[in-house]
Amino acid sequence: MAELDSEGFAVVVTREGMMLVGIPEENIYVPVLTDADAIASIKGQVVVDEGAVRHVVNGANVMRPGIKEYTDFEAGDIVVVKEGMYGKPIAVGVALMPSRELASMSKGAVVRNVHHLRDGAWELLHDEDAKRLISKLVK
């Protein structure tokens with residue numbers, strides 16, 4: 001396992017070649033958005049409305065009013081956040097509560113945003129030097 005640290009987050013490459021991004025101090029790690037297979041395998045999902053997209057992509061937690069659809073998940077599960085128009089993943093986070101509580105909620109945080117488009121990890125994964133280093137680590 002190798003770890004690249006930067007500004008409060010870490011990108012970890014496992015022995016199997018899977019890349020995770022996380023908050024080391026809290027021992028929270030989620031798959032990177034660039035790993036389509038890992039993202040597709042996550043069962044917990046929420047779809048947010050257009051108004052929530054810019055907030056989530058800027059690092060905000062996912063709030064109940066912005067959620068249009070969701071699958072079943074438990075508190076602590078990894079959850080993929082998708083935008084509603086095309087169904088594209090825009091963030092990965094950790095559920096703060098089980099999905100069964102959402103039907104009776106009108107406000108509050110539902111998913112803690114751990115990794116989102118254009119965050120530090122996203123930028124690092126698109127940096128040419130970092131890509132070369134990561135490709136060496138994965139081999």
Are V62 and V48 close enough, and set up right, to give a side chain to side chain contact (heavy atoms under 4.5 Å, CB included), and what steps lead you there?
CA-CA 8 Å; V62 180; V48 296; 3.8 Å; yes
How many angstroms lie between atom CD1 of I28 and atom CD1 of I23, to the nearest 0.5 angstrom?
5.0 Å
If hydrophobic clusters are built by linking Ile, Leu, Val, Met, Phe, Trp and Tyr wherever their side-chain heavy atoms come under 4.5 Å apart, do V30 and I39 end up in the same one?
yes
Selection residues 62-95 - residue pairs positive for ring pair (Phe, Tyr, Trp, His ring centres under 6.0 Å), sequence neighbours left out
none
Here the side chain to side chain donor-acceptor pair (under 3.5 Å) pairs for residues 52-68, sequence neighbours left out, are none
N113 side chain reached by V81 side chain, heavy atoms, under 4.5 Å:
no
How would you list, by chain and number, every residue that makes a side-chain hydrogen bond (donor to acceptor under 3.5 Å, both in side chains) with E83, sequence neighbours excluded?
none
When you measure from the side chain of D77 to the backbone of A95, do you find a donor-acceptor pair of N or O atoms at a distance under 3.5 Å?
no
Single-linkage hydrophobic cluster M63~V92, side-chain heavy atoms < 4.5 angstrom
no
Any non-hydrogen side-chain atom of L125 less than 4.5 Å from a side-chain atom of V11?
yes
Separation between CG of L117 and NZ of K88, rounded to the nearest 0.5 Å:
11.5 Å
Does R112 have any side-chain hydrogen bond (donor to acceptor under 3.5 Å, both in side chains) partners at least two apart in sequence or in another chain, and if so, which?
E26
Sorted by chain and number, sequence neighbours left out, side-chain hydrogen bond (donor to acceptor under 3.5 Å, both in side chains) with D35 holds for none
So V21 and V12, do their side chains get closer than 4.5 Å, heavy atoms only?
no
Could you give the side-chain donor-acceptor pairs of residues 103-110 under 3.5 Å, partners two or more places apart or in another chain?
{"from": "S104", "atom 1": "OG", "to": "E101", "atom 2": "O", "distance (Å)": "3.1"}

List in chain and number order the residues that pass side-chain hydrogen bond (donor to acceptor under 3.5 Å, both in side chains) with R100, two or more places apart in sequence or in another chain; answer none if no residue qualifies.
E74
If a pair satisfies salt bridge (Lys or Arg N to Asp or Glu O under 4.0 Å) and one of its residues is in residues 41-50, list it, with sequence neighbours excluded.
none
Here the pair of heavy atoms bringing V56 nearest to A91 is CG1-CB, 3.6 Å
Grouping I, L, V, M, F, W and Y whenever their side-chain heavy atoms are under 4.5 Å apart, do I42 and L33 come out in a common cluster?
yes
Shared hydrophobic cluster, Y29 / M18 (ILVMFWY, side-chain heavy atoms < 4.5 Å):
yes
If you look only at pairs with a residue in residues 115-124, which of them pass as a side chain to side chain donor-acceptor pair (under 3.5 Å), with sequence neighbours excluded?
H115-D119
Examine I78 and M97 and state if one hydrophobic cluster contains both, with Ile, Leu, Val, Met, Phe, Trp and Tyr joined whenever side-chain heavy atoms are less than 4.5 Å apart.
yes
